[in-house]
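Below is one structure, written out as structure tokens; comments come after it.
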Amino acid sequence: MPELPEVETTRLGILPHVKGACAKEVIVRRRDLRQPVPDSLAEIEGKKIIGVSRRAKYLIVHFTDCHHVIIHLGMSGSLRIADPATEFRTHDHIAFTLSTGKQLRYHDPRRFGIVTHGIADDPLTHPLFAKLGPEPLDEHFDAITLKRALHHLQRPIKLAIMDNAIVVGVGNIYASESLFHAGIRPTTPAAKLTLPRLRKLVDSIQNVLRHSIAQGGTTLRDFLRENGEPGYFRQELFVYEREAQPCRKCGTAIHKIIQGQRSTYFCRKCQV
Ligand SMILES: [Zn+2]
């Protein structure tokens with residue numbers, strides 16, 4: 001599943017190929033994604049792309065005249081820059097033909113993604129963004145903000161940081177990895193964590209995400225590949241999917257539990 005670093009890598013990957021281009025034609029081959037693709041998507045034809053931004057795991061393509069297209073990659077979505085002469089692959093559901101002579105294609109085998117259109121001075125007023133907490137890499141996300149959000153929560157800290165209302169974009173892999181680097185046991189009740197420990201956690205979340213985005217940068221040319229998906233990266237993981245393997249810090253076997261139907265991995269010695 002594309003996580004925040006993959007979405008940010010996608011943004012950086014497509015940006016130089018779409019910015020400044022006009023959308024000449026919108027081709028919708030399938031409308032039945034997680035939400036139906038609106039007919040109004042065609043209204044961007046003739047408009048120029050002025051930028052691509054990201055909020056949580058949503059990409060926002062900004063057009064002239066306050067039009068925007070919001071894209072969520074869902075479970076299996078990807079974007080690619082293609083030559084319009086190239087045959088569509090199965091699951092290439094939407095294509096934007098650009099004035100550059102290239103096409104931006106949205107591919108999504110499981111169709112859990114979203115491609116929608118809006119007109120607003122501020123696209124962030126869209127209902128999709130209404131309940132989202134702070135961005136983890138934003139300067140406003142710090143230990144004090146996090147403490148305020150957690151002070152009454154008896155929920156385990158891992159589930160709390162995966163809650164988009166508390167902080168966005170910390171998926172299962174990054175939650176396990178961040179808690180390891182912060183030395184915090186994933187089952188700790190969120191409200192129990194002191195400010196210094198939360199400071200460590202914020203630093204870890206930011207470092208893990210930044211590192212991942214930086215690694216993704218090495219795959220940017222893959223957005224131009226004619227076949228296959230953009231080659232996502234796998235950073236060196238310390239605990240995730242390493243059950244029974246030795247902890248990279250202390251050698252203790254990594255332990256696996258289930259929290260909120262998801263696997264959690266941690267070191268019983270390093271994380272207290
Ligand atoms: Zn350890």
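Being a predicted model, the structure only gives us computed values, none of them experimental.
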I'd like to know if [X] pairs up with [Y] as an ion pair, taking the criterion as any Lys NZ or Arg NE/NH1/NH2 lying under 4.0 Å from an Asp or Glu carboxylate oxygen.
| X | Y | value |
| --- | --- | --- |
| Lys57 | Glu3 | yes |
| Lys256 | Glu241 | no |
| Asp142 | Arg199 | no |
| Asp92 | Arg29 | no |

Is atom [atom1] of [X] surrounded by more than 12 heavy atoms (other residues, nucleotides or ligands) closer than 6.0 Å?
| X | atom1 | answer |
| --- | --- | --- |
| Lys249 | NZ | yes |
| Lys147 | NZ | yes |
| Lys47 | NZ | yes |
| Phe112 | CZ | no |

side-chain hydrogen bond (donor to acceptor under 3.5 Å, both in side chains), paired with Thr97, selected from Gln103, Glu45, Arg105: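 Testing each of Gln103, Glu45, Arg105 against Thr97, the sole residue satisfying side-chain hydrogen bond (donor to acceptor under 3.5 Å, both in side chains) is Gln103.
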Assess the side chains of Lys158 and Thr264: does a donor N or O sit below 3.5 Å from an acceptor N or O? yes
Between Thr100 and His17, do the side chains contain an N or O donor and an N or O acceptor separated by less than 3.5 Å?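 No donor-acceptor contact under 3.5 Å links the two side chains.
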So which residues get pulled into Met162's cluster when ILVMFWY side chains under 4.5 Å apart are joined, directly or through others? none
From the options Phe180, Phe266, Tyr265, select the one residue that forms a ring-ring contact (aromatic ring centres under 6.0 Å, His included) with His255.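 Only one of Phe180, Phe266, Tyr265 forms a ring-ring contact (aromatic ring centres under 6.0 Å, His included) with His255, namely Phe266.
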Least distance between heavy atoms, Ser176 atom then Ser263 atom: OG-O, 4.5 Å
For ring-ring contact (aromatic ring centres under 6.0 Å, His included), just list the numbers for His93 and His107, CA-CA rounded to whole Å, side-chain angles, deciding distance to a tenth of an Å, and then say yes or no. CA-CA 6 Å; His93 303 311; His107 179 85; 7.2 Å; no
Under the criterion side chain to side chain contact (heavy atoms under 4.5 Å, CB included), which of Ile71, Val115, Ile114 is the partner of Leu33? Val115
